[in-house]
Amino acid sequence: MVGVDSTLVDEFLGGDPMAAETISKWIGLAAWSFRSRFGDDWEDAVADATLQVTRALREGRFAGRGTLKAYVRRVALTTCLDRLRSKKRWRWTELVEELHPEDPKSPADRVESEDTWRLAAMVVKEMSDDCVRLWRMLLDGLDYAQMAERLDTAAGTLRVRVLRCRKRAVEIRRKLECNNKATRTPE
Amino acid sequence: MKMDCTSAIERLPWMVNGTLADEERSELEAHLAGCPICRSELAETIEVFRLASAHPPTAVLVEWAQGREDAGAELIERHVAGCPACAEEVDLVREAFRLEAFAPRGGAPALRAVVAWRRAALAAAAVAVVGLLALVTLWMPGGSLGSGARGTAPLANLPVVELLPDGFALRGGDEPPVIETGSDAVALILATRAEAVWDHYRLRVLDADGRELWWTADLIRQPTDDFTVLLPVKMMTGAEIRLVLDGGGDGTWTELETYRLRTLP
């Protein structure tokens, strides 16, 4: 960690008003572009970001690989984006809760780790364009009659196509997981 | 008639996205209650929904928006290209970087500088529009637009509203902002996604029936890619108004963005 940044972190955590002002301004600037999205909640978002930055610095998570300013900005932006995402819940959350009462998180929440997301993205990448298009329509909340009309196909044919895509996606995921395990297994 | 496994499995995706008709859903639920194989198919369907709807973690998105290259860059790029919500998030992050680049070096007065810059832009626009209002008032019979004290209107108390263009996929809903028509004018900051640069910009204000209520030309695109304009809201009637931002060059105008506002007396 560069000396100036290290001193600033110490001063900030020690309650120095100048250091607090500097870091607050960095946070405020990072969060500034979100003010129209949050409206009256913007100040809460900034307070949340300040809390996250303070927590991260207190726990020593700033390793000093970049500048402190860049780190503070990253934490503040991530906090704002998380807050923005939390405003929208997937519509099938209730169904998932019914099926997995022990896991109250929504599917969106459960895709948290980078590895999990990469796996999901790889599966989508491997899927055909047609399948991706069909799943986007499903995610957009279209019923099968609407989808069949848009694709100019019979509802029964459409349902079979979606089923094939689903099976293909599961197959791809299994193959990728298997490859990942094989790569990680020490010889 | 009882639903068989083939029909049940084929309908699962629409059960998950919540669009099955009540009757069909009831039949499917009854089938699922007694069929462990179809319940496992349901779990698999939800898993595929989860995969298809997965967004990059926010920390990864911030890194990528910052231009950090890593092994997953192509995956993120592909995802963002097909995901309006993530594209919007990337725009927000990039706007934060632009603001930072715009702020003076040294950082201390950074946020204040942005606010000061916006105030200066608003003040300049205010002077122009207040002048325009004065002219309109003089020209209109009876001159009943304002309270008669417009010349001393305290610009510092001017309501400021930032508008996002229509079509922005907002995660928190897309209700248009509400403004009160009690004051003479409202300062608008119009965000835009249009990247092309035009010779001229103008703003037209239309009512719900598409009638033009007001327009102003020679808007100046600010370094932060938005426009600042003072809207004489007292002239606005109707519950909802539409603002159209046009870009012009070679004698023609092209519609760039539209915005919505709701007005309250």
Side-chain angles (χ1 to χ4, degrees), chain A residues 21-22 25-26 28-38 69 73-74 77-78 80-82 84-85 87-88 90-92 95-96 99 107-108 110-114 116-125 132 135-136 138-139 141-144 146 156 159-160 162-163 165-166 169-170 173, chain B residues 9-21 39 42-63 66 72 75-76 78-79 82 85 89 91-93 95-100 103 107-112 114 162-164 170-173 191:
Chain A
E21 194 186 342
T22 301
K25 278 173 183 162
W26 291 346
L29 188 59
W32 183 253
S33 56
F34 289 81
R35 68 204 180 290
S36 60
R37 307 299 195 283
F38 289 136
K69 189 176 180 181
R73 179 181 58 202
R74 196 162 65 240
L77 286 171
T78 305
C80 287
L81 288 180
D82 284 337
L84 201 63
R85 285 186 179 187
K87 285 188 169 185
K88 187 165 183 176
W90 302 106
R91 72 181 73 211
W92 57 86
L95 184 69
V96 175
L99 287 165
R110 276 191 274 128
V111 181
E112 280 166 344
S113 79
E114 198 173 332
T116 313
W117 177 75
R118 276 184 207 283
L119 176 69
M122 293 284 282
V123 172
V124 174
K125 190 184 167 196
V132 171
W135 280 93
R136 285 221 174 106
L138 283 164
L139 290 167
L142 266 62
D143 63 36
Y144 60 72
Q146 289 169 318
R159 288 197 296 262
V160 173
V162 171
L163 178 61
C165 287
R166 197 250 286 173
V170 172
R173 191 204 63 196
Chain B
I9 290 168
E10 281 179 12
R11 282 166 174 76
L12 291 173
W14 290 277
M15 181 189 190
V16 177
N17 87 350
T19 58
L20 274 191
R39 281 205 299 276
L42 173 62
E44 214 165 63
T45 305
I46 290 171
E47 180 62 16
V48 176
F49 263 91
R50 195 171 71 82
L51 292 170
S53 64
H55 298 284
T58 50
V60 172
L61 208 60
V62 170
E63 293 273 309
Q66 208 169 349
L75 290 176
I76 301 170
R78 191 184 160 94
H79 177 89
E89 290 176 356
D91 284 346
L92 284 166
V93 171
E95 191 186 336
F97 295 142
R98 278 202 299 269
L99 282 172
E100 192 165 299
L111 189 55
R112 207 175 302 149
V114 174
E162 180 161 10
L163 292 182
L164 299 173
L170 294 185
R171 289 180 186 277

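Proteins get letters first, then strands, A, B, ... in listed order; numbering begins at 1 in each.
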Q: Between chain A and each of B:Leu12, B:Ile9, B:Val48, B:Leu20, count heavy-atom pairs under 4.5 Å; write down the option with the most.
A: B:Val48
Q: Write down the atom of A:Gly141, the atom of B:Thr19, and the distance for their closest heavy-atom approach.
A: O-CG2, 3.2 Å
Q: With a 4.5 Å cut-off on heavy-atom pairs, point out which of A:Val162, A:Leu142, A:Val160, A:Leu119 contacts chain B the most.
A: A:Leu142
Q) Hey, does A:Leu81 have a side-chain heavy atom less than 4.5 Å from the side chain of B:Val62? A) yes
**Q.** Closest-packed option against chain A by number of heavy-atom pairs under 4.5 Å, given B:Ala191, B:Gly82, B:Pro56
**A.** B:Pro56
Q) Does the side chain of A:Arg173 come within less than 4.5 Å of B:Glu47's, by heavy atoms? A) yes
Q | From CD (B:Glu10) to CZ (A:Arg166), nearest 0.5 Å | A | 10.5 Å
Q | Options A:Arg73, A:Arg136, A:Met122, A:Arg74, ranked by heavy-atom pairs under 4.5 Å with chain B, top entry | A | A:Arg73
Q: Could you look at A:Val124 and say if it's the side chain, the backbone, both or neither that has a heavy atom under 4.5 Å from chain B?
A: both
Q) Heavy atoms, side chains only, cut-off 4.5 Å: are A:Phe38 and A:Leu84 in contact? A) yes
